[in-house]
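Below is one structure, written out as structure tokens, with a few remarks after it.
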Amino acid sequence: MTLDRREFLQTAALGGLAVAVGPARLVATTPPSSRPIVPAFDLDEATIDQLQDGLRRGVYTARSLCERYLARIDAIDRRGPALRAVIETNPDALAIAARLDAERRAGQVRGALHGIPVLVKDNIATADRMQTTAGSLALVGAAAPRDAAVVRRLREAGAVIVGKTNLSEWANFRSNQSSSGWSGRGGQCRNPYALDRNPCGSSSGTGSAIAANLAAVGAGTETDGSVVCPSSAAGLVGIKPTLGLVSRRGIVPIAHSQDTAGPMTRTVRDAAILLGVLAGADREDAVTASGPGISDYTKFLDADGGGLKGATIGVARTKLMGYHPATDLLVAQALDVMRQQGATIVDPADIPHLGEYDDAELTVLLYEFKADVNAYLAEFAPGVPVKTLQDVIDFNAHNADREMPFFGQDLLLKAQAKGNLTTPEYVDALAKCRRLARDEGLMAVLDQHKLDAIVAPTGNPAWPIDLVNGDHFLGGSSTPAAVAGLAHVTVPAGDVFGLPVGLSFIGGPFSEPTLLKLAYAYEQATKLRRPPRFLATADLGVPRAPRP
């Protein structure tokens, strides 16, 4: 969660997403040239295909790759810029990699991720010597009795999970005044593009880590904005899949009606590879039974660059644009590229009912959080003193100096006060969300204009970290797809003062093949991702955005 949670909580007269919430604060004055020395890294921006080629040719082994990435984590996450993006490294990573090397030597290669170092968010259960805490000190010591479904799929595909990433505690569903990227266990994660800037949340650690090349690829989770916002802020490709494409089992929840895991990578092709591993039916998560059963999403990428030709793309402007002129300029330039690549642009193609279901969304999340967290703790968190949401609340109150030094737990308290999932308030709110966000919202505009996708800016450039006042969202486009349970892909669209901004492609149910085809064609036509420079603050010596 959370690109839009803060907006519908803080702004009574919200009217949607494109609402200014006041001037930015805590503007740093350190010159951009004053930054930590970051050592050169021979795997900088390496793709899965490049790493696999090196493994096949014997240039690397899985163990040597893990050694390199673990050294990188030590050099710039623990020391140097001190990103605080990785909450814990896997003490068994090198041993696992060595076993995968032995399999390769024996002629057994499991697939595209065989021997590839991967990071996963610390709300995804791993049945190993790492913990699964959602960033909360209340869950320290929690040893998951079994892997989350997505972790099992990663292991079966031969991935080496080298660590768990920091996150906004409880996936940023603890307080209205939170700073995205802060957790009691991990501290404040930093943005590698400008170290005083927020990485967005809640998959903040995965975003910063993959942008900074601390692993090949990473997995995040989203309820509303928590994959796409940190991906946008870190110059990454992020996929928020259709609800039901990826199993939710074993992920510390917010709400089962919106939760999903998704890829966070530096290229569209890597995202397609990872999605093919994460996606699939899980008999313990009934919603996945309706999935398309696709295991290879790379086949939808047009190697000849023709993925945009003949596509019909709508532009969602009302309430999703207009909150930041430089961001709007990047979208205008993206539309020009798409036209040049042969797409038909329907402008505007506004999404109905934006802002009309924000209160209902929050109601749904509060009810489901209470029910789902209690169920998760009962199954996946044995051996810790907290057994219920009320126990978590009590733990935080008793450990306020460590858990609540900057902001409280008002959302946990509101959730605990709710009833069960048969309460009419919940039932009515869920029905309202499905009707306005999906049936009369995204699906209506997609069908009306016969669109392949809708585009909008993913969000504003990263704001300064502010532990006093919390986050400074200006706007974003995560909520329609999140509430509707539909597909959303973000891809780099450029930068503003050196801070990345993403472009969102939003589609219908299980439209990931189409969205990836479009995003790949746009990526190949623009190649706008730039590696982070670990500046002390935004690069105020450059124009706000490329000139038209």
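Hydrogens, waters and symmetry mates are skipped; everything else that's a heavy atom, side chains included, is used. Note that the numbering runs from 1 along the sequence shown for the chain.
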Separation of [Y] [atom2] from [X] [atom1] (nearest 0.5 Å):
X: S180; Y: N172; atom1: OG; atom2: CG; value: 4.0 Å
X: Y193; Y: L499; atom1: OH; atom2: CG; value: 10.0 Å
X: M130; Y: I161; atom1: CE; atom2: CD1; value: 6.0 Å

Contacts under 3.5 angstrom, residues 236-251 side chains, donor-acceptor by atom type, not counting sequence neighbours:
| residue | atom | partner | partner atom | Å |
| --- | --- | --- | --- | --- |
| K240 | NZ | A481 | O | 3.3 |
| K240 | NZ | L486 | O | 2.5 |
| T242 | OG1 | F510 | N | 2.8 |
| T242 | OG1 | E512 | OE1 | 3.4 |
| T242 | OG1 | E512 | OE2 | 2.9 |
| S247 | OG | R249 | N | 3.2 |
| S247 | OG | D282 | OD2 | 2.6 |
| R248 | NE | D285 | OD1 | 3.3 |
| R248 | NE | D285 | OD2 | 3.1 |
| R248 | NH1 | H256 | O | 2.4 |
| R248 | NH2 | D285 | OD1 | 2.5 |
| R249 | NE | D282 | OD2 | 2.9 |
| R249 | NH2 | D282 | OD2 | 3.4 |

Run the side-chain hydrogen bond (donor to acceptor under 3.5 Å, both in side chains) test against [X] and tell me which residues pass, sequence neighbours left out.
X: R530; answer: none
X: Y297; answer: none
X: D328; answer: none

For [X], all residues meeting side chain to side chain contact (heavy atoms under 4.5 Å, CB included), sequence neighbours excluded:
X: E67; answer: R63, S64, L94
X: D49; answer: T47, R269, I273
X: D302; answer: D304

Legend entry - Minimum side-chain heavy-atom gap T458-S231 below 4.5 Å: no
Legend entry - Any side-chain heavy-atom pair of D122 and N166 under 4.5 Å: no
Per-pair distances, 0.1 Å, donor-acceptor, side chain in residues 433-447, under 3.5 Å, sequence neighbours excluded:
| residue | atom | partner | partner atom | Å |
| --- | --- | --- | --- | --- |
| R438 | NH1 | A484 | O | 3.1 |
| E440 | OE1 | H353 | NE2 | 3.3 |

Inset, instruction - Please list all pairs passing the salt bridge (charged side-chain N to carboxylate O under 4.0 Å, His left out) test where one or both residues lie in residues 150-161, with sequence neighbours left out. - result: D128-R155, D147-R155, R152-E156
Legend entry - Partner residues of Y357 under the ring pair (Phe, Tyr, Trp, His ring centres under 6.0 Å) criterion, sequence neighbours left out: none
Inset, instruction - Tell me whether the centres of the aromatic rings in Y376 and F369 are closer together than 6.0 Å. - result: no
Inset, instruction - Can you tell me which residue pairs pass the side chain to side chain donor-acceptor pair (under 3.5 Å) test with a partner in residues 517-526, sequence neighbours excluded? - result: Q524-K527
Inset, instruction - With sequence neighbours excluded, give me every side chain to side chain donor-acceptor pair (under 3.5 Å) pair touching residues 100-109. - result: Q52-R104, E103-R110
Inset, instruction - Could you point out which residue of T133, L119, V86, T132 forms a side-chain contact (heavy atoms from CB on, under 4.5 Å) with K164? - result: T132
